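Note sheet for the following structure.
In this text the structure is predicted, and so the values were computed from the model without any measurement. Every chain is numbered from 1 and lettered A, B, ... according to where its sequence line falls, protein lines coming before strand lines.
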Amino acid sequence: MSQSCCSLLTPVDEDREFSLDDYEGARARWCPGCGDHSVLTAAQKLLVDEQLKPEETVFVSGIGCSSRFPHYMKTYGFHGLHGRALPVATGVKLNRPDLNVFVVMGDGDCVSIGAGHWVHATRYNVDMVALMLDNNIYGLTKMQTSPTTPEGYASNTQPQGSWLPALNPIEATLGITNASFVAQTAEWIPAHLFATFQAAYRHRGFAFVRVLQRCPVFTEDIYLDAVRNPEMIEILSHPDGVEMPESLAQIYTNQVRHDPKNLSAARDLAADDSRLRLGVLYRDESNPRYEETRHLPLHSAEDKIRILNEELDKYAV
Amino acid sequence: MGDDTAVKTRVKSSRVKTARYPQCTVEVVSDSGEGAQKCGQTFGAVSAKMGNGVWTVEIIPAEIQPPPRSPAGASGNRIRIGEDVVTNWGDRTNVAIAFNEQVLLARHRLNAIEDEAILLVENMWATHKDEDIRAEWAAAMEELEGANYRIIEVPMEEECLAIVDNPRKGKNMFALGILCWMFDRDMEVTRAEIAHAFRKKAAEVTERNHELLELGYSWADSHLDVRIEVKPGLSAENTLVMNGNQAIAYGAVAAGMDLAAMYPITPATSVSHQLGEMFHKFGGVIHQAEDEIAAAGVAIGASYSGKVAFTITSGPGLALKTEFLGLSVMSEIPLVVVDVQRGGPSTGLPTKVEQSDLLAALFGQPGDAPHVVMAPATIEECFHSMVTARRIAETFRTLVIVMTDANLATGVQPFPRPVLDPAWQGSLPDMSPVPEGKPPYDWDEETGLSRRFVPGTPGGMHTLTGLAHDEHSKVAYASAVNQKSSAMRSRKMAVLHSTLRPPVVYGDEAGDLLVVGWGSTKGAIEEAVDRARAEGLTVSSLHLRFLSPLEPGLKAIFGRFKRVMTVEINYSDDPDLPYITEENRRRGQLAWLLRAQTLVDVDCWTRVLGEPLQPGAIHEVIRDHISKGSAS
Amino acid sequence: MPSDKTTDGRVERSLAILEKAREDFHSALVATSEELRGLLDAGSGSAEARAERTAAELGAFAVGHIDVDRFSAFEETGEPVAVTVAPKLEAASRTLQSLLDRGDDLFLVRAEAGKDLREVVSAGLARAGRAFGAARTVELARSGRYDEAQHGEWLDRFPPSLWSGRERKLAPPIVVEIEGTDLLAGGLADFLDGAQKIVLVVRGPAPPAELSRLITPGLMVVQAEDPADLSVLAETEGPAVAALLPDGAARFVHLPEDDGGRGRLTVNHMPEDEPKRALGRVSVYQQAEGLRHLASLAAGWGLAAAPAAAPSGDGAAAPAASTAADTLAAWILRQADLPETG
């Protein structure tokens with residue numbers, strides 16, 4: 001990763017070893033049983049595993065339950081506006097490609113109010129991890145229908161049941177030009193969650209991960225069957241994606257080998273809703289990364305003045 | 001054809017009279033796409049290079065491709081040149097050159113043409129094969145001849161055919177040749193200017209245009225009998241000629257900013273065009289975002305992680321960005337926003353000038369969002385204001401909105417070449433380790449100022465939030481916390497206010513009337529004040545650069561005048577209109593602000609004609625208000 | 001400075017290929033210099049001097065509108081730089097500026113004939129490495145840990161042996177112009193770490209396959225005649241070494257291994273003739289040893305093994321450069337003293 005945009009003055013203790021303590025921020029205030037706890041643990045474990053420097057790591061979020069995430073990390077965090085995490089993260093990474101950038105969004109954040117940014121961030125392909133924590137509902141504001149709420153599911157805004165079929169974020173992301181990493185995992189399978197995060201972090205490009213996430217208060221029943229019955233889940237396994245963690249092989253017996261290079265197969269798998277599919281659906285590292293194609297070397301102040309004077313000559317009388 | 005016309009306009013060069021004007025306004029008008037803009041711009045640039053004061057304004061139709069020969073389609077340039085500095089577009093035009101009679105008629109009907117003006121008009125339409133066109137020509141000429149103009153028909157097409165197959169693409173240079181003869185412009189300078197304008201095209205194009213220029217010049221020499229002399233009274237040394245949007249773009253570079261995020265919007269977009277051409281040479285990145293909101297978000301993300309970034313927009317875009325602007329204030333991330341104001345509510349008059357975003361810029365963000373609003377008054381100030389804006393944003397960890405308008409954006413004026421200083425560019429934020437326990441909002445209790453921690457700074461890790469927060473950036477649940485942090489953010493504005501100097505009054509320190517303005521109207525207001533003072537009226541003016549915090553000492557200054565009024569390009573109810581009372585009258589935006597801040601009964605006169613204010617119109621308003629004042 | 005006749009613009013083209021690495025290093029220099037200037041500005045000087053600087057920074061728009069003395073009084077001045085520390089910081093700032101002033105020259109070393117290549121490279125890197133030395137000096141001085149005896153030299157030379165992992169990732173690339181008779185590459189292994197890029201532009205007769213000794217799994221190694229063949233250097237983020245050699249030397253590219261996969265060796269040319277004469281300090285044996293090493297590696301990659309050892313044809317992995325493979329095979333056969341006809 002390029003560090004060129006940074007001054008050398010910041011001291012770095014290279015012998016520092018980071019443990020979980022170094023990443024733990026405030027005590028998480030999500031409801032007991034909320035899937036976000038498990039996501040937080042997996043993220044912290046990833047940072048330990050990759051030994052990311054807390055000061056060089058930024059978690060950017062929007063607004064919603066899941067967007068409280070940065071407060072519970074001891075890295076830099078940016079808890080901004082509803083739906084707008086991706087533009088902020090894009091700005092951070094454009095300016096500072098040396099930083100490790102993670103984005104945490106909810107379903108309302110990502111595919112409703114911020115849907116335009118989701119489409120375009122996918123297209124920019126900036127090197128970052130984008131987690132969409134999908135509990136199929138607006139939780140923080142107490143149970144309003146979201147775009148991923150199953151059709152017919154009752155909420156406070158649509159008590160007769162959601163009028164529309166649920167949006168399929170994976171299928172949609174796979175349809176966006178320049179998509180480079182699209183994965184789905186579930187917070188109740190920690191080993192798979194972690195393996196997916198690791199693959200996403202190691203991928204160079206925009207890594208979109210939809211995390212199926214239980215809300216024990218408002219949508220407890222939505223993933224209940226899948227949690228209880230591993231038969232409903234199909235693991236997409238591949239050395240270039242996520243391999244089935246050994247500990248799970250006995251439980252999740254539906255395993256399919258899916259080569260993440262195969263976009264059309266990925267789209268077919270995403271569109272077929274007969275099963276919940278977990279794994280890396282698509283990955284292509286050959287797509288150029290926006291912050292790299294736009295990268296330019298810094299110029300000293302004196303240098304800029306010299307060039308600016310040349311430019312102004314064009315307007316000289 | 002031709003013979004008649006030739007007789008009508010042919011005069012002996014020996015009978016040429018030269019009239020001396022201290023300043024003169026020229027218009028070049030055509031259907032859009034016929035190159036009147038290029039003709040006018042070149043004439044303006046040549047005049048500036050010769051040492052004339054110059055102000056040029058684009059005449060832009062709202063439609064991209066209006067039907068030909070329609071009055072609504074008049075497109076071109078107004079160029080006001082003077083012996084001394086020219087600060088505004090003036091009142092009415094003294095010389096017009098038109099490629100068809102309909103666009104000329106449009107200018108006449110808009111009352112844009114001065115009595116006794118010299119009007120040169122393409123006469124091919126008089127003998128056009130289409131009967132309707134011939135009829136239109138006859139009707140228009142009759143109407144024009146009813147006014148007190150000197151109309152000269154010019155066989156532009158016919159003459160140009162000698163050189164080009166499609167005169168529609170060449171008339172503009174022929175017209176330029178005529179103007180060059182009339183105003184005795186330096187032909188060497190003109191040729192060089194043309195070569196520069198067509199530098200990206202093939203060499204033959206420049207050659208062809210030079211030929212057309214010469215043709216126009218010699219046609220005028222053998223057919224016209226009047227020349228106008230506007231003595232160049234200025235030194236052209238160390239002078240730049242550019243428009244306000246170019247000045248903003250180069251000012252951003254001079255200010256050391258490395259990232260601009262934008263979404264196309266008229267009339268701000270040409271800042272991005274300019275940046276697109278040259279920003280990369282400085283290591284700068286211009287990010288065209290998916291929408292206005294994202295443009296603000298990307299700029300904020302970049303600012304948050306290093307040097308101050310900026311975003312450029314116009315009114316409708318400013319509206320879309322408001323939530324992010326509030327976040328920048330709340331989380332104390334420095335940010336510079338340029339608002340190039342345009343006309344009208346909603347989509348309004350996208351290509352026209354207005355000053356209607358002031359209150360939106362000041363108060364448009366959700367909740368209490370104290371921040372800085374500045375307004376450059378000239379094209380030169382467009383350049384320099386970017387340097388100051390970045391510096392204030394950095395020091396005060398806040399949002400700075402720089403407000404210009406379509407008048408500054410597209411107006412072209414010579415100004416002293418800035419002597420560039422590396423200090424303008426600032427330095428990267430200090431990223432040395434943060435001492436343990438130092439909070440991310442370590443507000444100075446007195447001033448509200450604090451150091452910001454940029455990612456990468458060891459020990460500075462915190463989560464910045466748009467939620468109410470304490471000095472540790474912890475989400476606040478205690479009731480007093482929001483009161484305190486709001487006070488800290490607000491205090492910064494009071495501190496900045498304490499560093500501002502009271503504005504300098506133009507004219508006497510006391511009198512019957514004080515005219516207050518902001519932004520692009522400065523030149524027109526001061527010219528009107530000069531005229532009124534020359535008549536013996538005791539009027540002065542005041543021009544504000546800082547709208548938030550407002551410049552100090554206003555109440556004391558206002559107290560020395562019998563009446564105070566603002567002159568602005570935004571809507572207000574005229575007091576004599578039906579139903580309008582003192583109580584319900586909606587006033588100009590600066591008037592609102594000044595009344596609220598100073599408790600002085602500030603009056604206003606505003607217009608939303610989609611064009612810059614004319615000094616003559618303001619002059620009349622001054623007379624009117626002073627006489628009203630003495631009557632009461 | 002030797003004339004271009006001897007290197008035919010190869011130095012300039014090599015520098016051009018290293019543009020990205022040069023820019024990264026240059027950017028770090030600019031950023032460091034800028035931050036340091038900010039530190040020095042903020043933390044020192046009288047109130048008047050600070051006000052003067054603030055006035056300059058606020059620019060012309062502030063004139064008449066902002067009282068800069070008052071404005072400056074509110075400025076957050078940061079930790080004032082201690083009087084004892086300031087001179088060290090200023091010296092570091094001057095060092096950075098002098099490196100910036102050198103431009104591309106910073107990345108170029110022209111070695112005198114007879115010099116030890118390892119020492120030449122070390123000195124060149126130690127010179128550019130002063131940027132790291134300057135940053136470290138600032139850090140130590142500010143935290144009160146600066147010790148003249150231990151760190152006093154760092155502004156003058158800061159050799160790669162002292163570089164941290166982060167610094168190695170930002171390593172300044174270097175182009176070394178050198179006589180072929182001095183081309184002994186073994187010692188370069190010490191520097192090839194992080195993102196270090198070294199390009200040797202060789203004048204005159206040179207050992208034919210000297211760089212083959214440096215081939216290790218994670219290292220990019222290239223021998224070429226045409227500078228255009230060095231463009232692969234821009235594609236690796238890891239360390240790389242390349243030599244531009246006169247006609248007749250072996251030409252090969254070793255790409256480093258990627259995620260878990262193995263590296264890839266491509267031999268584009270093997271010299272027909274065996275080394276016969278010692279070249280300066282490089283003996284015939286050393287020259288031949290380089291070639292033998294390259295050949296054995298190539299055999300290991302299955303490049304030339306097929307025609308030589310497995311005529312029965314388990315040769316599905318036939319290399320693209322078949323003529324080169326043939327040459328290589330022939331060369332190996334000669335070395336093994338086997339009849340060429342098999």
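- Expressed to the nearest 0.5 Å, how far CG of L81(A) lies from CD1 of I293(B) amounts to 9.0 Å.
- Between the CE atom of M461(B) and the CZ atom of F59(A) there is a distance of 13.0 Å, given to the nearest 0.5 Å.
- Chosen from K474(B), M50(B), K307(B), E323(B), the residue pairing most often with chain A at heavy-atom distances under 4.5 Å is E323(B).
- Between chain A and the options A254(B), G297(B), G284(B), heavy-atom pairs under 4.5 Å are most frequent for G297(B).
- With a 4.5 Å cut-off on non-hydrogen atoms, Y124(A) touches chain B through its side chain but not through its backbone.
- Interface remark: K304(A) contributes backbone and side-chain atoms alike to the contact with chain B (heavy atom separation under 4.5 Å).
- The only option from Y250(B), F415(B), F383(B) that meets the ring-ring contact (aromatic ring centres under 6.0 Å, His included) definition with Y315(A) turns out to be Y250(B).
- Side-chain contact between L259(B) and L94(A): present, with at least one pair of heavy atoms (C-beta onward) separated by less than 4.5 Å.
- For chain A, the nearby parts of V454(B) are the backbone and the side chain; heavy atoms of each come within less than 4.5 Å.
- Highest contact tally toward chain B, considering only T57(A), V88(A), T90(A), is held by V88(A) [criterion: heavy-atom pairs under 4.5 Å].
- Interface remark: L9(A) contributes no atoms to any contact with chain B (heavy atom separation under 4.5 Å).
- Between the CZ atom of F279(B) and the CD atom of E311(A) there is a distance of 12.0 Å, given to the nearest 0.5 Å.
- The closest side-chain heavy-atom distance from E55(A) to T457(B) is not below 4.5 Å.
- By the 4.5 Å heavy-atom criterion applied to side chains, L308(A) and M278(B) are not counted as neighbours.
- Between L420(B) and I305(A), the shortest heavy-atom contact is CD1-O, 3.8 Å.
- Chain A forms the most heavy-atom pairs under 4.5 Å with one residue out of V285(B), V253(B), V241(B), L467(B), and that residue is V241(B).
- In this structure, the ring-ring contact (aromatic ring centres under 6.0 Å, His included) partners of H462(B), at least two apart in sequence or on a different chain, are Y76(A).
- The NE2 atom of H299(A) sits 9.5 Å away from atom NE2 of H280(B), with the distance rounded to the nearest 0.5 Å.
- If you measure heavy-atom distances from K314(A) to chain B, the contacts under 4.5 Å come from both the backbone and the side chain.
- In terms of heavy-atom pairs under 4.5 Å with chain A, the best-connected choice from M242(B), K49(B), R417(B), M431(B) is R417(B).
- For T463(B) (side chain) and F78(A) (main-chain N/O), no donor-acceptor pair under 3.5 Å exists by modelled atom type.
- With a 4.5 angstrom heavy-atom cutoff, P54(A) touches chain B via backbone and side-chain atoms both.
- Proximity to chain B among residues 113-123 of chain A is limited to G116(A), H117(A), H120(A), judged by heavy-atom separations below 4.5 angstrom.
- For Y304(B), the part lying near chain A is the side chain, with the backbone staying farther off; criterion is any non-hydrogen pair under 4.5 Å.
- Among G456(B), A236(B), P455(B), the residue making the largest number of heavy-atom pairs under 4.5 Å with chain A is P455(B).
- For Q246(B), the part lying under 4.5 angstrom from a heavy atom of chain A is the side chain only.
- The contact between D258(B) and chain A is made entirely by side chain atoms (from C-beta outward), counting heavy-atom distances below 4.5 Å.
- For S473(B), the part lying near chain A is the backbone, with the side chain staying farther off; criterion is any non-hydrogen pair under 4.5 Å.
- Both the backbone and the side chain of H287(B) come within contact range of chain A, with heavy atoms under 4.5 Å apart.
- In this structure, chain A has a heavy atom under 4.5 Å from the side chain of Q274(B), while its backbone stays farther away.
- The side-chain heavy atoms of R84(A) and I300(B), taken from C-beta on, include no pair separated by under 4.5 Å.
- Heavy-atom neighbours of R16(A) CZ from other residues, nucleotides or ligands within 6.0 Å: above the threshold of 12.
- One distance of note links NE2 of H469(B) with NE2 of H71(A); it measures 10.0 Å at 0.5 Å rounding.
- Residue contact with chain B, scored on non-hydrogen atoms closer than 4.5 Å, is absent for D303(A).
- Across S305(B), A296(B), A294(B), A261(B), the residue that shares the most heavy-atom pairs under 4.5 angstrom with chain A is S305(B).
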